[in-house]
Amino acid sequence: MKREKVGPGGPAWHADEAMGRRYADGALPEPDAWSLEKHVEACGRCAAAVSAAVRATGTAGPLLEDVRGALLRTVAEEAPGEGGGATVRKRRARARRSPLRLSLSRRADFRPASASLPGRLARTVWAAGPALRGAWGVALLVVCAGAVALAYGAGFLAARSVFFALAPVLPLAGVALSYGPYADPMYEISAAAPSGGLRLLLIRTTAVLGVSLPLLTAVGALLPAPPGVPGAAAWLLPGLALTVGTLALGSYTGCRTAAALVATGWAFAVLLPAAAHAPNGAPAPAVLAEQLGRCVSGSATQSGWAAAALCCAGLLALRRRAFDFAPDHGPGSYLNRLENS
């Protein structure tokens with residue numbers, strides 16, 4: 001495989017002669033063959049090279065020549081002039097009266113149920129990943145409902161502080177449950193597909209963030225705000241940075257382990273200092289609110305979270321190949337063994 005710099009929107013690599021010969025001989029690994037077949041749809045240069053390699057093989061070359069010769073002879077016999085045009089018209093008339101054509105025309109008028117709006121919505125939810133259609137979505141709703149019930153039903157003064165302590169790590173659980181053999185029964189197929197790997201993980205992560213960020217922010221704004229508690233949107237940038245950091249760390253350890261490590265680090269950063277300054281060992285509402293303010297409030301703190309998110313995004317871009325190709329070969333095989341263990 002030869003990698004080259006090309007224009008915007010163009011392919012980032014080209015197939016070399018060795019790859020074309022291996023594809024023609026059937027020796028190219030299946031994920032690589034799928035990737036090459038997807039690539040030649042948009043690259044005429046590689047399509048010509050692969051076509052020449054296939055024609056040069058001992059079996060496919062003569063067969064393609066025979067098919068080409070038969071096709072040319074058929075076209076020459078049915079060409080207009082000297083009765084050829086009449087033959088073509090007769091065949092078209094027979095095709096119009098053909099039961100198969102009538103059957104296909106009837107089927108063309110049939111619209112399956114999946115083409116309706118509920119069907120498209122169901123396919124979208126399914127493609128968004130296991131997290132949105134599994135236990136994570138239910139747990140997210142339970143946490144939000146529980147925070148509102150504690151604040152307004154039980155009069156719990158620290159409901160907003162505890163909620164904002166949990167909010168940045170809730171999307172991490174969704175990311176952990178969105179990608180991997182432990183969560184997705186179609187993982188090996190999706191990871192080996194040309195559109196799998198990091199691209200699929202980013203799509204599912206975006207779906208998780210698209211659901212959790214607005215919901216958690218709206219619920220946080222509804223909760224009573226004691227003095228010193230950060231604003232409803234103060235946790236958004238830290239939460240985004242923690243999510244990107246989980247993806248970057250997941251390129252080394254797998255998403256499940258990375259989410260657990262990042263969530264543990266956040267808990268230590270918020271709860272341990274608050275417990276250490278509490279008089280009875282349990283974080284008081286005022287102490288917890290003050291510690292949250294140190295972690296998420298202020299321009300300097302927010303700038304630090306933004307810089308961390310950018311650094312993690314750069315590392316993720318450098319490590320993007322770690323999520324590709326499964327299950328037994330390629331850069332992602334190490335991650336597959338970690339995720340299955």
Side-chain angles (χ1 to χ4, degrees), residues 128 131-132 134-178 205-246 259-260 262-309:
L132 294 185
W136 176 81
V138 177
L140 184 66
L141 295 176
V142 169
V143 170
C144 294
V148 174
L150 287 175
Y152 292 101
F156 184 52
L157 297 179
R160 184 163 180 167
S161 300
V162 175
F163 182 77
F164 281 147
L166 294 176
V169 299
L170 288 177
L172 305 186
V175 173
L177 295 175
S178 292
T205 301
T206 303
V208 168
L209 294 176
V211 171
S212 60
L213 295 188
L215 179 61
L216 293 174
T217 304
V219 172
L222 293 176
L223 298 177
V229 178
W235 72 276
L236 290 177
L237 192 54
L240 180 62
L242 293 179
T243 302
V244 180
T246 298
V262 173
T264 302
W266 171 259
F268 281 141
V270 174
L271 297 180
L272 282 185
H277 292 84
N280 57 355
V287 177
L288 182 58
E290 182 180 357
Q291 181 60 25
L292 278 174
R294 294 194 191 101
C295 293
V296 302
S297 296
S299 58
T301 304
Q302 291 287 320
S303 299
W305 284 114

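Closest approach of Ser161 to Leu292, counting heavy atoms only: O-CD1, 3.1 Å. Nearest heavy atoms, Thr217 versus Leu213: OG1-O, 2.7 Å. Residues Cys295 and Thr301 approach most closely at O-CG2, 3.1 Å, considering heavy atoms. Across every non-hydrogen atom of Ala147 and Ala159, the tightest pair is O-CB, 4.1 Å. Scanning both residues, Pro171 and Leu209, for their nearest heavy atoms gives CB-CD2, 3.9 Å.
For the pair Pro224/Tyr152, a side-chain contact is recorded, criterion being any heavy-atom separation below 4.5 Å from C-beta on. In this structure, Trp305 and Leu240 have side chains that are not in contact, with every pair of non-hydrogen atoms separated by 4.5 Å or more. Within the 4.5 Å cutoff, the side chain of Leu140 has heavy atoms near those of the Leu216 side chain. The shortest side-chain heavy-atom distance between Leu223 and Leu150 does not fall under the 4.5 Å cut-off. No side-chain heavy atom of Trp266 sits less than 4.5 Å from a side-chain heavy atom of Leu166. No side-chain heavy atom of Leu170 sits under 4.5 Å from any side-chain heavy atom of Ser212.
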Set out, in order, the CA-CA distance, both residues' side-chain angles and the distance that settles side-chain contact (heavy atoms from CB on, under 4.5 Å) for Val162 and Phe156, then state yes or no.
CA-CA 10 Å; Val162 175; Phe156 184 52; 4.1 Å; yes
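Note that the CG atom of Leu242 and the CG atom of Leu172 stand 6.0 Å from one another [nearest 0.5 Å]. Taken to the nearest 0.5 Å, the OG atom of Ser178 stands 7.5 Å off from the CH2 atom of Trp136.
Judged by distance alone, the side chain of Gln302 and the main-chain N or O of Val296 form a donor-acceptor pair under 3.5 Å.
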